[in-house]
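Written out below as structure tokens is the structure these notes cover.
To find a chain, count down the sequence lines: A is the first, B the second, and so on, and within it residues start at 1.
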Number of protein chains: 2
Amino acid sequence: MNQNTVISIESIRVACRQCTLSSLCLPMGLTPEDVERLDDIVKRSRPLHRGDLLFREGDHFRSLYVVKTGSLKTFTPGSEGGEQVLGFHLPGELLGLDAIDKGQHACSARALETSAICELPFARLEELTAIIPSLQHQMYRLLSKEIGQDTDLLRLLGKKNAEERLAAFLLSFSQRLHRRGLSATDFHLSMSRHEIGSYLGLAVETVSRLFTRFQDEGLVRVERKHIELLDLRGLEEISDGAGAGRRQPQRRQQT
Amino acid sequence: MNQNTVISIESIRVACRQCTLSSLCLPMGLTPEDVERLDDIVKRSRPLHRGDLLFREGDHFRSLYVVKTGSLKTFTPGSEGGEQVLGFHLPGELLGLDAIDKGQHACSARALETSAICELPFARLEELTAIIPSLQHQMYRLLSKEIGQDTDLLRLLGKKNAEERLAAFLLSFSQRLHRRGLSATDFHLSMSRHEIGSYLGLAVETVSRLFTRFQDEGLVRVERKHIELLDLRGLEEISDGAGAGRRQPQRRQQT
DNA sequence: CGGCTTGTTGAACAAGGTCAAAACGAGTGG
DNA sequence: CCACTCGTTTTGACCTTGTTCAACAAGCCG
């Protein structure tokens, strides 16, 4: 912020290329000129502020979006008026993949804090993927990865209890931030307890109590939205279901 | 079964073309020759029998699979040894999309009954999609649709209670069969109660009790694995969370 | 038939939800 | 700077839902 008081077009371009690079290209061998072509179709948009909608359920699908900085949530109206949070999106991650099928967004996306977003017009992207095989492959991988992530979440909601869920949530966050080069053990939760609860299928009160409990057990240090993970190993054990064996290791001889 | 006692290669080919057609091509404008080319890369494999594995978690990813007849489940080892069911796959549906990302299958797939499967070598498919734009688009849509379905399931596991889950499950099954031209109200559940429970995140006993309850309430008729939906409307109301207002329509004035 | 798996039913129990209220933080206006 | 309000978070008490444990019935197959 000190030396870059004047933000040049070039610096934005570089920043944006970095963001599309990491989510779309990092693991694949794209030639520099392919990346250039990809970068050319990226649109920059004004930053979103906390509470702003990026798109709304039912909106005509035109583009995919990459989070450059900040964070967003996706959600749909759940039963009974309240909103059901479907996911959180951190820098480098993609939004809108679920809209390709029906041609309109299946959920809404709202900024949790001031966020910068890149827009990738899908029609242009499709043209590009048709002529750059490795980019096409990369797109398939991205879509497939999204499916894999949803599946992980299904596993979470299907079988895990409250503390396993919260532990898994914290670890997932930690890894995603770490992948971006940020601290894996000390970060800011931009969403409210209510949103965490909605995402994990838990009541706000339960989330709150668990944070307190985790802190009492020395696993984390929480202060409002700032959280510090003190015992990653312990959290992993909990999230893997060690809770069963931890307290009462009896039972299990027949069956 | 009476007039087709001799199954010719041609009839299999037609059947298989129908199956790839419906899942990959139906909604899109592919030319007949495109379909021909697509059909050419499809491999036929021997039918699977109940309990056979189609692929196993960790297997090298080579192909996508289309269910021609029968049904399969996908699953991973859950915590504590038991297996966690991730999905059921009916005729016309695709398996293996989650494996593209990592190049190896993220779950195992097992036949629930005798099933015929078409194999689509992914490398060949990718070559084709690169030269047939509408097929590429179709692939994106398919992947996106899978994401959408997972999201629907997330919504289900995140907020719904036991009876809402089972009602939603039955309706989803009904619609999927109906789309295939089969009866929407009278069908065979090829999976066990245990598998339904695992899929819906419920104990076997709860599933069993709910079937009994639904039957007592005149919503369905169940006899072992055969089920008849008597009141689709009622099931929809339950699955949409009408359960809240159905029994005690009091409360709700403050807030 | 006898041994097996799968499904059903009942009773006790516990995890987490709901309700209610207090504590805290951030912003607002006197 | 302090008092006040609004929204979020925390905490406590209670209750509902679904799980667990255990026994039993029903198919299925040698």
Side-chain angles (χ1 to χ4, degrees), chain A residues 50-51 78-80 82-83 85 112-113 156-167 188-198 200-216 220 222-227 238 241 243-244 246-248 250-255, chain B residues 50-51 78-80 82-83 85 112-113 156-167 188-198 200-216 220 222-227 238 241 243-244 246-248 250-255:
Chain A
R50 176 179 166 78
S79 34
E80 309 229 3
E83 67 185 31
V85 175
L112 293 169
E113 59 192 316
L156 189 122
L157 293 179
K159 275 274 169 286
K160 304 204 174 198
N161 64 20
E163 64 174 17
E164 291 167 349
R165 291 181 199 193
L166 189 64
H188 178 81
L189 292 172
S190 53
M191 73 291 299
S192 69
R193 301 286 190 267
H194 185 82
E195 286 160 336
I196 296 175
S198 171
L200 296 176
L202 300 172
V204 202
E205 294 92 330
T206 305
V207 175
S208 180
R209 274 186 258 268
L210 283 173
F211 270 124
T212 310
R213 173 130 61 97
F214 282 0
Q215 174 152 271
D216 292 347
V220 303
V222 200
E223 192 186 342
R224 234 175 138 52
K225 306 228 156 183
H226 174 256
I227 187 159
I238 292 182
R246 214 163 33 124
R247 305 175 202 289
Q248 297 94 359
Q250 73 257 41
R251 84 178 92 141
R252 176 188 331 145
Q253 45 237 28
Q254 58 232 48
T255 292
Chain B
R50 177 179 167 77
S79 34
E80 309 228 2
E83 66 184 32
V85 175
L112 293 168
E113 59 193 315
L156 188 122
L157 293 180
K159 275 273 170 289
K160 305 205 172 196
N161 64 20
E163 64 175 18
E164 290 167 350
R165 291 181 197 194
L166 189 65
H188 177 82
L189 292 172
S190 52
M191 73 291 299
S192 70
R193 300 287 190 266
H194 186 82
E195 286 161 338
I196 296 175
S198 171
L200 296 176
L202 299 172
V204 202
E205 294 91 330
T206 306
V207 175
S208 183
R209 275 187 256 268
L210 282 173
F211 270 125
T212 311
R213 171 132 63 94
F214 282 0
Q215 173 152 271
D216 292 348
V220 304
V222 198
E223 193 186 339
R224 236 171 137 53
K225 307 226 155 183
H226 174 258
I227 188 160
I238 291 182
R246 213 161 34 120
R247 306 176 201 287
Q248 297 94 1
Q250 74 257 42
R251 83 179 94 141
R252 172 189 334 147
Q253 49 237 23
Q254 59 233 44
T255 293

Tell me, do Arg213(B) and Leu210(B) make a side-chain contact under 4.5 Å, heavy atoms counted? yes
Using OP1 and OP2 only, check whether a side-chain N or O of Arg224(A) sits under 4.0 Å from dT8(D). no
Rounded to the nearest Å, what distance is computed from the CG atom of residue Leu210(B) to the P atom of nucleotide dG18(D)? 8 Å
Mind checking the OG1-CD1 spacing from Thr206(B) to Ile196(B)? Nearest 0.5 Å is all I need. 12.5 Å
Candidate pair Leu200(A) and Leu156(A), rule side chain to side chain contact (heavy atoms under 4.5 Å, CB included), full reasoning: CA-CA 8 Å; Leu200(A) 296 176; Leu156(A) 189 122; 3.9 Å; yes
State whether the side chain of Arg193(A) and the backbone N or O of Val204(A) hold a donor-acceptor pair below 3.5 Å, judged by distance alone. no
Worked verdict on Leu112(A) versus Glu195(A) for side chain to side chain contact (heavy atoms under 4.5 Å, CB included): CA-CA 10 Å; Leu112(A) 293 169; Glu195(A) 286 160 336; 3.7 Å; yes
Protein-nucleotide distance (Phe211(A), atom CZ; dT10(D), atom P), rounded to Å: 8 Å
Specify the separation, in whole Å, of atom CD of Glu164(A) and atom P of dA15(C). 12 Å
Could you give the NZ-to-P distance, from Lys225(A) to dG7(D), as a whole number of Å? 15 Å
Check the pair Phe214(B) / Ile227(B) against side chain to side chain contact (heavy atoms under 4.5 Å, CB included), numbers first and verdict last. CA-CA 11 Å; Phe214(B) 282 0; Ile227(B) 188 160; over 6 Å; no
Met191(A) has an atom CE; how far is it from atom C1' of dG7(D), in whole Å? 18 Å
Pull out every protein N or O sitting under 3.5 Å from an N or O of nucleotides 11-17 of chain D, one pair per line with the distance.
{"residue": "dT11(D)", "atom": "OP2", "partner": "Thr212(A)", "partner atom": "OG1", "Å": "2.7"}
{"residue": "dG12(D)", "atom": "N7", "partner": "Arg209(A)", "partner atom": "NH1", "Å": "3.0"}

dT9(D) P sits how many Å from Leu202(A) CG, rounded? 15 Å
Nearest whole Å is fine: how far is dG7(C) P from Arg213(B) CZ? 19 Å
Regarding Gly201(A), tell me which of base, sugar-phosphate or nothing describes its non-hydrogen contacts under 4.0 Å with the strands shown. sugar-phosphate
Using atom CG of Leu157(B) as one end and atom P of dG18(D) as the other, report the distance to the nearest whole Å. 13 Å
